[in-house]
Amino acid sequence: MATQEEILAEPRLSEEQEMILYNIALRQDELGREPTNVLLSKIENDPKYQEMFDREFLTYQVYNHGGEGAPVVASLIVTLKGMRYCIAYGDEIEPRRPYDTAGNRRDNK
């Protein structure tokens, strides 16, 4: 299990990756550890997601309840390490979000 010191010693994710991870973490926290569902084809072979999987900030489970040719869904889950990353850098990530946690539009200029 990664400590905050170990997380801070690693290179930072890109701003886009941080925003993805932070938004999934917020949603997951608000809904009681519920995953964020996306099409598997959206995250497969996508370097921004792959890096987060490789660095163990994000994981996913795949399921397909449809028949042949039905889209395959990936349930994205922020790991404990990913949550700690969001906590460590949250003060820097939060102001970059276009909306605050109450849903109010920010004027990021």
Side-chain angles (χ1 to χ4, degrees):
M1 183 179 336
T3 64
Q4 182 167 336
E5 292 78 24
E6 292 169 333
I7 291 168
L8 294 174
E10 291 184 18
R12 296 264 311 247
L13 294 171
S14 71
E15 285 191 17
E16 181 181 18
Q17 289 171 313
E18 285 183 342
M19 197 62 63
I20 290 168
L21 185 66
Y22 194 79
N23 286 337
I24 294 171
L26 283 177
R27 183 174 187 278
Q28 184 172 306
D29 185 50
E30 289 172 3
L31 298 177
R33 300 291 292 172
E34 288 292 319
T36 298
N37 297 323
V38 297
L39 292 175
L40 181 62
S41 60
K42 179 180 177 182
I43 62 170
E44 274 185 324
N45 305 318
D46 187 331
K48 68 179 170 269
Y49 284 98
Q50 192 58 51
E51 181 182 356
M52 290 189 283
F53 298 141
D54 292 345
R55 292 178 59 186
E56 300 177 348
F57 292 127
L58 196 59
T59 188
Y60 67 95
Q61 296 175 333
V62 176
Y63 63 93
N64 179 6
H65 295 295
E68 182 82 22
V72 179
V73 175
S75 296
L76 299 176
I77 304 163
V78 178
T79 64
L80 181 56
K81 182 179 178 184
M83 285 290 191
R84 286 185 173 161
Y85 183 96
C86 291
I87 292 167
Y89 294 113
D91 290 341
E92 297 172 39
I93 299 169
E94 177 62 30
R96 293 194 316 250
R97 297 180 71 233
Y99 295 90
D100 65 18
T101 53
N104 300 314
R105 180 103 175 123
R106 286 198 172 108
D107 293 325
N108 291 338
K109 297 179 182 178

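Nothing fancy with the numbering, it's 1 onward along the sequence.
The salt bridge (Lys or Arg N to Asp or Glu O under 4.0 Å) pairs that include a residue from residues 72-83 are Glu10-Lys81, where partners are two or more places apart or lie in different chains.
By the rule that hydrophobic residues join a cluster once side-chain heavy atoms approach within less than 4.5 Å of another member, Ile87 and Phe57 end up as members of separate clusters. Cluster membership for Val38 and Phe53, using ILVMFWY side-chain heavy atoms within less than 4.5 angstrom, is shared. Linking Ile, Leu, Val, Met, Phe, Trp and Tyr residues whenever their side-chain heavy atoms come within less than 4.5 Å leaves Ile20 and Val73 in two separate clusters.
Side-chain contact between Val62 and Tyr60 is present, with at least one heavy-atom pair separated by less than 4.5 Å. At a threshold of 4.5 Å between non-hydrogen side-chain atoms, the residues Arg27 and Asn23 do not count as touching. Taking the side chain as every heavy atom from C-beta outward, Glu92 and Glu18 never approach each other to under 4.5 Å.
In the displayed structure, Asp54 atom CG is contacted under 6.0 Å by more than 12 heavy atoms of other residues, nucleotides or ligands. In this structure, Gln61 places its CD atom where only 12 or fewer heavy-atom neighbours from other residues, nucleotides or ligands lie under 6.0 Å away.
Taken to the nearest 0.5 Å, the CD1 atom of Ile43 stands 11.0 Å off from the NZ atom of Lys48. Here the CZ atom belonging to Arg55 is positioned 4.5 Å from the CG atom belonging to Leu13, to the nearest 0.5 angstrom. A distance of 11.0 Å separates CD in Glu56 from CD1 in Ile7, rounded to the nearest 0.5 Å. Atoms CZ and CZ, on Arg105 and Arg97 in that order, are 11.5 Å from each other to the nearest 0.5 Å. Rounded to the nearest 0.5 Å, atoms CD (Glu51) and CG (Leu58) are 11.5 Å apart. If you take CG on Leu80 and OH on Tyr85, they are separated by 15.5 Å, rounding to the nearest 0.5 Å.
In terms of heavy-atom proximity, Pro95 sits nearest to Gly90 at CD-O, 4.2 Å. Nearest heavy-atom pair across Leu8 and Ala88 is CD2-CB, 3.9 Å. Scanning all heavy atoms of the two residues, the minimum distance from Thr79 to Thr59 falls at CG2-CG2, 4.0 Å. In terms of heavy atoms, Pro71 sits closest to Leu39 at CB-CD2, 3.6 Å. Summarising the geometry of Asn37 relative to Ser75, their closest heavy-atom pair is OD1-OG, 2.7 Å, with the distance given to 0.1 Å. Heavy atoms only, all atoms of each residue included: Ile24 and Thr36 are closest at CG2-OG1, 3.7 Å.
A donor-acceptor pair is defined here as one N or O able to donate and one able to accept, closer than 3.5 Å; such a pair exists between the side chain of Glu6 and the backbone of Thr3.
In this structure, Arg12 is positioned above the aromatic face of Tyr89, its NZ or CZ under 6.0 Å from the six-membered ring centre and within 45° of the axis.
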